Amino acid sequence: MIISLLSKSYEDLKKEITKNDRIVVWTCNNCIRFCGIGGRDKAKELADLLKKDGYNVIHIETIGTSCVIDLVEERKRHRATAGIFANATAIIPLACEDGYEAVKYVFNDKKVVKVTKTLGLGVLTTDGAVLTAPFEDTGLKETDKGYRLRDAASKLGLYTDFSR
């Protein structure tokens, strides 16, 4: 599975959107959910934080895999969601970097806010997701045990949630 963490704090995210934006919180419901930063519950949590702070969240969109451009394009055109996306001005994808790129490509007329960093490959254990094969650009070395996500976040200056 793909391992990603949040690259922005909640406060930094808010600097990239305005209270006039019509925001869609977009979430993958696959790898990113197992990393603890995406999926339905985390998307709702982010949407609730934004609404509480006066931002105009108009929709939460959950998709199986954001990295498949055809699926993202279908959401843009589908009769159930086309109007929502036509009305949106900003999309916050809780997805790996490939998922972010797919959303940015399909919704090239929207502000698409990048909030994640993909670190490499990993596995899901009984204790949660573990980064086992870090990408070279992380500077992390491969280890037999891998990296718990909190440890990787700490080493790389990343975040495991949007808590204040």
Side-chain angles (χ1 to χ4, degrees), residues 1-8 10 12-13 16-17 21-50 55-126 128-138 140 142 146-149 152-153 156 158-162:
M1 75 185 243
I2 301 296
I3 301 292
S4 300
L5 289 172
L6 294 169
S7 59
K8 288 186 172 65
Y10 179 67
D12 287 338
L13 165 62
E16 295 197 35
I17 55 177
D21 279 322
R22 294 177 305 278
I23 301 166
V24 171
V25 176
W26 175 286
T27 187
C28 211
N29 204 38
N30 204 339
C31 303
I32 204 86
R33 176 172 56 102
F34 296 112
C35 293
I37 61 171
R40 288 181 183 106
D41 291 343
K42 291 298 179 176
K44 183 178 182 325
E45 186 178 302
L46 176 57
D48 289 347
L49 278 173
L50 290 168
Y55 290 90
N56 185 16
V57 177
I58 63 169
H59 183 65
I60 298 172
E61 184 66 23
T62 303
I63 188 169
T65 51
S66 291
C67 56
V68 179
I69 289 178
D70 290 347
L71 294 177
V72 177
E73 286 177 338
E74 181 185 330
R75 297 296 170 96
K76 183 177 184 178
R77 294 186 313 264
H78 194 278
R79 62 184 164 86
T81 52
I84 294 166
F85 288 114
N87 187 39
T89 60
I91 302 173
I92 304 170
L94 300 178
C96 69
E97 288 183 73
D98 285 345
Y100 160 79
E101 290 295 336
V103 172
K104 185 177 176 183
Y105 174 79
V106 171
F107 296 100
N108 57 17
D109 60 333
K110 311 293 180 202
K111 181 188 317 181
V112 180
V113 182
K114 184 177 180 198
V115 296
T116 62
K117 167 91 175 127
T118 298
L119 305 180
L121 304 176
V123 296
L124 187 59
T125 71
T126 55
V130 175
L131 174 65
T132 56
F135 290 155
E136 191 174 309
D137 70 345
T138 65
L140 297 174
E142 281 195 44
Y147 296 88
R148 295 180 59 101
L149 297 191
L156 298 171
L158 300 173
Y159 305 90
T160 58
D161 61 38
F162 279 118

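What you see is a predicted model; the values in this text were computed from it and never measured.
Other residues, nucleotides and ligands contribute only 12 or fewer heavy atoms inside 6.0 Å of the CZ atom of Arg148. Around the NZ atom of Lys76, the shell of radius 6.0 Å holds more than 12 heavy atoms that belong to other residues, nucleotides or ligands. Remark: Tyr105 OH is loosely packed, at most 12 non-hydrogen atoms of other residues, nucleotides or ligands lying under 6.0 Å away.
Scanning all heavy atoms of the two residues, the minimum distance from Leu5 to Leu119 falls at CD1-CD1, 3.5 Å. Heavy atoms only, all atoms of each residue included: Ala129 and Leu124 are closest at N-CD1, 3.7 Å. Annotation for Cys35 and Leu149: closest pair O-CD1, 3.5 Å, computed over non-hydrogen atoms. Contact between Val24 and Ala88 at its shortest, heavy atoms only, is CG2-CB, 3.8 Å. When all heavy atoms are compared, the tightest approach of Asp137 to Lys117 is OD2-NZ, 3.2 Å. Taking every heavy atom of both residues into account, Leu6 and Thr160 meet most closely at CD1-C, 4.2 Å.
The NZ atom of Lys111 lies 11.5 Å from the CD1 atom of Ile91; values are rounded to the nearest 0.5 Å. Once rounded to the nearest 0.5 Å, the distance linking OH of Tyr100 with CD1 of Ile92 reads 12.0 Å. Here the straight-line distance linking atom CG of Leu131 with atom CG of Leu140 works out to 6.5 Å at 0.5 Å rounding. Atoms OG1 and CD1, on Thr132 and Ile3 in that order, are 7.0 Å from each other to the nearest 0.5 Å. To the nearest 0.5 Å, atoms CZ (Phe135) and CG (Leu121) are separated by 5.0 Å. Atom CD1 of residue Ile84 and atom CZ of residue Arg22 lie 13.0 Å apart, to the nearest 0.5 angstrom.
Looking only at atom types and distance, the side chain of Ser4 has a donor-acceptor partner in the side chain of Thr118 under 3.5 Å away.
In this pair, Phe85 and Phe107 present their aromatic rings tilted. The plane angle is within the 30 to 60° band.
Here the side chains of Glu142 and Pro134 are in contact, with some heavy-atom distance below 4.5 Å. Considering only heavy atoms from C-beta on, Asp21 stays 4.5 Å or farther from Asn56 through its side chain. Looking only at side-chain heavy atoms (C-beta outward), Leu13 and Tyr159 stay at 4.5 Å or farther from each other.
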Could you walk me through whether Leu50 and Tyr10 satisfy the side chain to side chain contact (heavy atoms under 4.5 Å, CB included) test, starting with their C-alpha distance in whole Å, then the side-chain angles of each, then the deciding distance to 0.1 Å, before giving a yes or no? CA-CA 9 Å; Leu50 290 168; Tyr10 179 67; 3.7 Å; yes
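Qualifying side chain to side chain contact (heavy atoms under 4.5 Å, CB included) partners for Cys31, counting only residues two or more places apart in sequence or in other chains: Met1, Ile2.
The salt bridge (Lys or Arg N to Asp or Glu O under 4.0 Å) contacts involving residues 34-44 comprise Lys42-Glu45, Lys44-Asp48, where partners must be two or more places apart or lie in separate chains.
Of the options Val103, Val25, Val115, a side-chain contact (heavy atoms from CB on, under 4.5 Å) to Pro93 is made by Val103 and by none of the others.
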Using residues 63-73 as the side-chain source, report each donor-acceptor pair under 3.5 Å to any protein atom, sequence neighbours left out, with the distance given to one decimal.
residue, atom, partner, partner atom, Å
Ser66, OG, Trp26, NE1, 2.6

